[in-house]
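For ligands, and for the atoms within them, numbers begin at 1 and follow the listed sequence.
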Amino acid sequence: MDEAPTLDPTDWEAFRRQAHAMLDDAIDHVRDLPAGPVWRPMPPEVRAGFAAPLPVDGHPLEDVHAVFRERILPYHSGNAHPRFVGWVQGGGTPVGMMAELLAAAMNPNCGGRDHAAIEVERQIIRWMRELFAFPDTTTGILVTGASLANWMAVVTAKTRALGRATRAQGLADGHRLRAYTSVATHQCVERAMEMSGLGSDALVRIPTGPEHRVDLAALRSAIAADRARGLTPFLVVASAGTVDVGAIDPLGEIADLAAREQMWFHVDGALGAFSVLAPELRGLVAGIERADSIACDFHKWLQVPYDAGMLLVRDGEHHAAAFAGEAAYLARGDRGLSAGAPWPTDFGPDLSRGFRALKVWFTLSVYGVRRLGEVIASTCALARGLAERIAREPELELLAPVALDIVCFRFRHSDADRINATIVTDLQVDGIAAPSTTRIGGALAIRVAIINHRCRAADLERLVDEVLVRGRRG
Ligand SMILES: *Cc1c(COP(=O)(O)O)cnc(C)c1O
């Protein structure tokens, strides 16, 4: 009689030796990364290797691992490197790496049912509730990132405004709901409006003041004008750290306004919500504890490996009203695996979900929030130091105030946009540093976002030195 095919090793000891070699490689990679280039372009012949056809017969694990070492590992995106300061990206940790391995070993499906992985996630939600001083009606869920969390917040606010029946009925033609946010809010909120069916035309973009914070007077009058036109303001989205410059909207005042207007108050805290972990920064996000919902990202300032974001909702009934459903094949019980309702799937769009919570749990458990808060505060101190250096260099110009850990500047030049864009690209291509760019008041800026815990003052000195050399070359 033929044996049924298996995907497990026939020789577990041989597998163990190979697995240990792979683990050693992973540890070496993280340890040695700072000595290598931040990033390197992938040579065409390496890229061409990915055109290999679908494997019909498999290859030995060691051979596939060798291909990984040669063609994949060296061409990383650089975000773990000390001089990666582009976009808004965390660097990961060796602890998070190990947690990913253990999570994969357990391989639970975290959509629901009664098992420990779900309890780990619930514990994280309780910890976050404590951190943001939310009440015990709070629910939350881990998701890929703040883009998805912001979308879920829009859907939850919409369902509260229109009633649960809107889930069955859909939106009426020419619905009258309006949401408000500043022009500096992340683009994913616009996409959230699109994907919620409300449409991004229903998102009113409010101008910002000189500090890049939302103009409260303009926000108040936009809401009043829309009410006078018979529209229904239902949601205000504030940023705890705008993506361009790290500005923090006046959260307390917005909370007052939202309460008066009976609007849902959502905070996009992807960048800066974890300011609450650092005593010297906590005051900057005062008022976040009054939000109806908060989106945040563990994979940025908390250095959890990608991906890990979260939505936290003050009133779990509104949260469940937006997402919970029923199906015979997902019936909940009192005992056995089907116990433990409500399940994570009741609070978001996913059914099958990985054990994202474990790497967050390991990170919080091993480092503790005091140390993580120190890391966060130190990225802000580095940003202030960088801004001081820029102020001392007559050839450089700071383009926005530094609120948190983001510094926007440029090399002064008659053709500044072109020169500064070239400087950034060349720094990346040469493997020296990886800042990114944005536009501040129309001007192209070199944008340095210090999220990564590995960045040091010397890395930023080197970055500025290289900008000066390249700028002078023209
Ligand atoms: C990064 C970021 C987002 C998007 O979060 P993802 O985790 O990339 O989906 C949204 N808002 C702000 C302010 C961000 O910095």
Side-chain angles (χ1 to χ4, degrees), residues 77 79 84-92 96 128 140-155 179 181-196 200 203 205 208 211-214 235-249 251 254 266-276 281 284-285 288 291 293-312 348-350 354 356 359-360 363 376 379-380 383 400 402-408 434-438 440 445 447-452:
S77 75
N79 55 299
F84 185 100
V85 288
W87 299 276
V88 176
Q89 299 199 18
M128 294 301 118
I141 185 166
L142 301 195
V143 289
T144 45
S147 298
L148 198 71
N150 283 324
W151 171 74
M152 290 163 62
V154 169
V155 170
T181 199
S182 98
V183 291
T185 296
H186 195 280
Q187 185 249 348
C188 70
V189 172
E190 194 176 305
R191 280 198 289 159
M193 290 293 287
E194 293 165 2
M195 294 189 297
S196 72
S200 46
L203 180 65
R205 306 299 292 257
T208 51
E211 305 270 277
H212 300 257
R213 290 145 56 97
V214 71
L235 165 68
V236 54
V237 178
S239 299
T242 59
V243 63
D244 267 335
V245 307
I248 298 161
D249 284 328
L251 303 178
I254 297 173
H266 174 68
V267 174
D268 176 6
L271 188 103
F274 290 117
S275 295
V276 295
L281 301 177
L284 296 174
V285 293
I288 197 169
S293 52
I294 302 173
C296 60
D297 269 332
F298 297 108
H299 53 219
K300 290 177 177 168
W301 251 352
L302 286 198
Q303 318 293 334
V304 170
Y306 284 93
D307 44 34
M310 180 190 69
L311 177 70
L312 203 64
D350 296 315
R356 197 175 273 133
K359 58 195 175 186
V360 181
T363 299
I376 284 171
T379 63
C380 295
V402 175
L404 288 174
D405 54 356
I406 299 184
V407 182
C408 290
S436 58
T437 62
T438 189
I440 306 290
R447 177 168 161 285
V448 173
I450 308 160
I451 314 298
N452 185 340

query = What distance separates H299 NE2 from I451 CD1, expressed to the nearest 0.5 Å?
reply = 10.5 Å

inquiry  = What I want to check is whether the side chains of N79 and S77 have a donor and an acceptor closer together than 3.5 Å.
reply    = yes

ask   = Would you say L148 and ligand 1 have an N/O pair spaced under 3.5 Å apart?
value = no

ask   = Taking N or O atoms only and a 3.5 Å limit, does S147 qualify as a polar contact for ligand 1?
value = yes

ask   = Is any side-chain heavy atom of I294 closer than 4.5 Å to a side-chain heavy atom of M128?
value = no

key: Validation row: D244, H212 side chains within 4.5 angstrom (heavy atoms)   = no

request  = Side-chain contact test, heavy atoms from C-beta onward, threshold under 4.5 Å: evaluate it for D297 versus D307 and give yes or no.
outcome  = no

request  = Specify side chain, backbone, both or neither for C188, according to which of its non-hydrogen atoms lie closer than 4.0 Å to ligand 1.
outcome  = side chain

request  = Write out the residue and atom name of the closest protein heavy atom to atom 11 (N) of ligand 1, then the distance separating them to 0.1 Å.
outcome  = D268 OD2, 2.6 Å

ask   = Passes side-chain contact (heavy atoms from CB on, under 4.5 Å), W301 versus L404? Steps please.
value = CA-CA 11 Å; W301 251 352; L404 288 174; 4.1 Å; yes

ask   = Going by the order shown, which atoms of ligand 1 are within less than 4.0 Å of some heavy atom of H299?
value = 7 (O)

key: Short N or O distance, D297 and ligand 1, threshold 3.5 Å exclusive   = yes

key: Sub-4.5 Å side-chain heavy-atom contact between T363 and Q303   = no

request  = Give yes if a backbone or side-chain nitrogen or oxygen of N150 is under 3.5 Å from a nitrogen or oxygen of ligand 1, and no if not.
outcome  = no

request  = Could you tell me which atoms of ligand 1, counted from 1 in the order shown, lie closer than 4.0 angstrom to a heavy atom of K300?
outcome  = 1 (C), 2 (C), 3 (C), 4 (C), 5 (O), 14 (C), 15 (O)

Atoms of ligand 1, numbered as shown, that sit under 4.0 Å from any heavy atom of G241 = 13 (C)

